[in-house]
Amino acid sequence: MPLSQPFRFHRESSSAEGAPEARAGSFSTRHGIVATPAFMPVGTQGTVKGVTPAQLMEIGPQVILGNTYHLGLRPGDELVARLGGLHVFMGWHGPILTDSGGFQVFSLSSMRKITEEGVAFQSHIDGSRHFLSPERSMEIQRNLGSDIVMALDECPAGRLERSKLEASMARTTRWLKRSRDYPLAEHQGLFAINQGGTHLDLRQRHLQEILDLDAQTPFQGFAVGGLSVGEPKEEMNATLAQFVRALPADRPRYLMGVGTPEDLLFGIEQGVDLFDCVLPTREARHGRLLTSRGRINIKNARHKESAEPLDPECSCYTCRTFSRAYLHHLLRAGELLASTLNSIHNLSYTVGLTRAARLALLENRFPDFARRTRENWQTEEP
RNA sequence: GCCGAGAUGGCCGAGUGGUUAAUGGCAGCAGACUGUAAAUCUGCCACGCAACGCGUUACGGAGGUUCGAAUCCUUCUCUCGGCA
């Protein structure tokens, strides 16, 4: 059965001026305390692409992700279970959150068919046929042994027409009930996922359905899904501004798939505790790097001879050790180390941003922090 | 010296009379990426303009055949292989 006690969320900060919903807090899992706000790096296939757990440890994320669909398909959840669970298998002993496969319903839409029972997938690896139901998603996640388990949802494309969105939402609620009724391991906590696109009334209706289920058996946290999937940024922000505060305050709130620095800051201001995103690692591999003075593309010719560190204000291994010219060279040369060093930096920057926001909240200087952080992004670095 | 093969845009390399300013790849110059089918994808990449169009110069050099040539002919230069 799921935990009878929710991950109790302790709010640790008082209300910040101009951003009353923003909050610093924490909750405990078997594999460690999660201090929020927190950015969670994505490690879909049992690895945060390009970085070792030791390097990750130095970066210091509170939680990392794994993926149900991908790990269930390869190497297989039962194998991972036999080998001691995902923590042992991948050598990461901090908290792990596993996504349910709901996003793959969206991103692999050409290879699946949704029915009430679940989702029939054709493997993106070899074309073989698989079926992901809420129960199967829970089974995989139980085998993986993650700390935070996501309910299987249908992640609809942004801008889906309202009637289809409503049908999808209703199914996600029915799937949520089935996810909830599936027995997880004792240490695992189930998060519910709210859908509804950018329609506030649909979001609220869906939340009410979730809270009705929550009243019977509490969920351990609440996620906002189905954003940053193609809808205009203003619509996403408007939705967050109005909706996040409606989520129960006594448990973690998780905004799924969001990860630009601007979006993180905005989300924190709306009261979001957890974020995850592939962007920092993917962009790192492509040379797009975040710095305190703006974004840069390290591939650009202007960095070819720069002896400067990537970001003089950053203390990550990459910035402590290497010049821009070297990072430029590695990426140009197609060296694997480019991915590693760039990922270390972008993750440090992103995780560091949420950590700094947390500190600012705890020290009652969040508005100033937010203002200064935004100022830094206004100019693309010279 | 003789015989053979070949010289194409920064490099490699298609193309053997006409939708060819010239396929591809690489290099180069930029851009995109938000619960990862992404070490991926996209655009540009002869020169000049009053530029989604026009002009000029281009397939080793020179000359020729033809309405029309990178593509055919002659010759020169160079490169590679073989024989001396």
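Order of the sequence lines sets the chain letters (A, B, ...), proteins ahead of strands, with each chain counted from 1.
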**Student:** Taking the six-membered ring of Phe9(A), is NZ or CZ of Arg23(A) closer than 6.0 Å to its centre and within 45° of its axis?
**Tutor:** yes
**Student:** Would you mind telling me which of rG35(B), rU36(B), rA37(B) lies closest to the side-chain atoms of His124(A)?
**Tutor:** rA37(B)
**Student:** Ignoring backbone atoms, test whether Asn67(A) places a side-chain nitrogen or oxygen under 4.0 Å from the OP1 or OP2 oxygen of rG35(B).
**Tutor:** no
**Student:** For Leu65(A), report the nucleic acid contact type (base, sugar-phosphate, nothing); a contact means any heavy atom under 4.0 Å.
**Tutor:** sugar-phosphate
**Student:** Does Ser107(A) place a side-chain N or O at less than 4.0 Å from the phosphate oxygens OP1/OP2 of rA37(B)?
**Tutor:** yes
**Student:** Is there a side-chain contact between Gln104(A) and the phosphate of rU36(B), meaning an N or O under 4.0 Å from OP1 or OP2?
**Tutor:** yes
**Student:** Which part of the nucleic acid, if any, lies within reach of Lys233(A) when heavy atoms closer than 4.0 Å are counted: base, sugar-phosphate only, or nothing?
**Tutor:** base
**Student:** Please confirm whether the shortest side-chain N or O distance from Asn300(A) to OP1 or OP2 of rG31(B) is below 4.0 Å.
**Tutor:** yes
**Student:** Hey, is His70(A) doing a stacking thing with rU36(B), by the 5.5 Å centroid and 30° angle criteria?
**Tutor:** no
**Student:** Considering every strand and a 4.0 Å limit on heavy-atom distances, what is the contact class for Gly226(A): base, sugar-phosphate, or nothing?
**Tutor:** base
**Student:** OP1, OP2 of rC41(B) versus side-chain N and O of Arg282(A): anything below 4.0 Å?
**Tutor:** no
**Student:** With syn defined as a glycosidic angle within 90° of 0 and anti as the rest, where does rA51(B) land?
**Tutor:** syn
**Student:** Pick the C1' atom in rG9(B) and in rG28(B), then give their distance to the nearest Å.
**Tutor:** 14 Å
**Student:** Between rC3(B) and rU74(B), how many Å separate the two P atoms, rounded to a whole number?
**Tutor:** 14 Å
**Student:** Could you tell me the Watson-Crick or G-U partner of rC11(B), where both distances fall under 3.5 Å? Say none if there is no partner.
**Tutor:** rG25(B)
**Student:** Taking the side chain of Lys299(A) as its heavy atoms from C-beta onward, which of rU40(B), rC29(B), rG35(B) lies nearest to it?
**Tutor:** rU40(B)
**Student:** With rounding to whole Å, what would you report as the distance between rC41(B) and rU34(B) at their P atoms?
**Tutor:** 15 Å
**Student:** Choosing from rA37(B), rA38(B), rU34(B), which nucleotide comes nearest the side chain of Leu279(A)?
**Tutor:** rU34(B)
**Student:** With no angle test and no hydrogens, is the base of rG35(B) tied to the side chain of Asp99(A) by a donor-acceptor pair under 3.5 Å?
**Tutor:** yes
**Student:** Does a side-chain N or O from Thr44(A) land closer than 4.0 Å to OP1 or OP2 of rU36(B), or not?
**Tutor:** yes
**Student:** With C1' as the reference atom in both, quote the distance from rG31(B) to rG63(B) in angstrom, rounded to an integer.
**Tutor:** 49 Å
**Student:** Provide the distance between the two C1' atoms, one in rC73(B) and one in rA69(B), to the nearest whole Å.
**Tutor:** 12 Å
**Student:** Strictly under 6.0 Å, is that where the ring centroids of Tyr69(A) and His124(A) end up?
**Tutor:** yes
**Student:** Verify the neighbour count for atom CD of Glu116(A): are there more than 12 heavy atoms of other residues, nucleotides or ligands below 6.0 Å?
**Tutor:** yes
**Student:** For the pair Lys177(A) and Glu135(A), find out whether any cationic side-chain nitrogen is under 4.0 Å from an anionic carboxylate oxygen.
**Tutor:** no
**Student:** Tell me whether Arg332(A) contacts the main-chain N or O of Lys299(A) through its side chain, where contact means a donor paired with an acceptor under 3.5 Å.
**Tutor:** yes
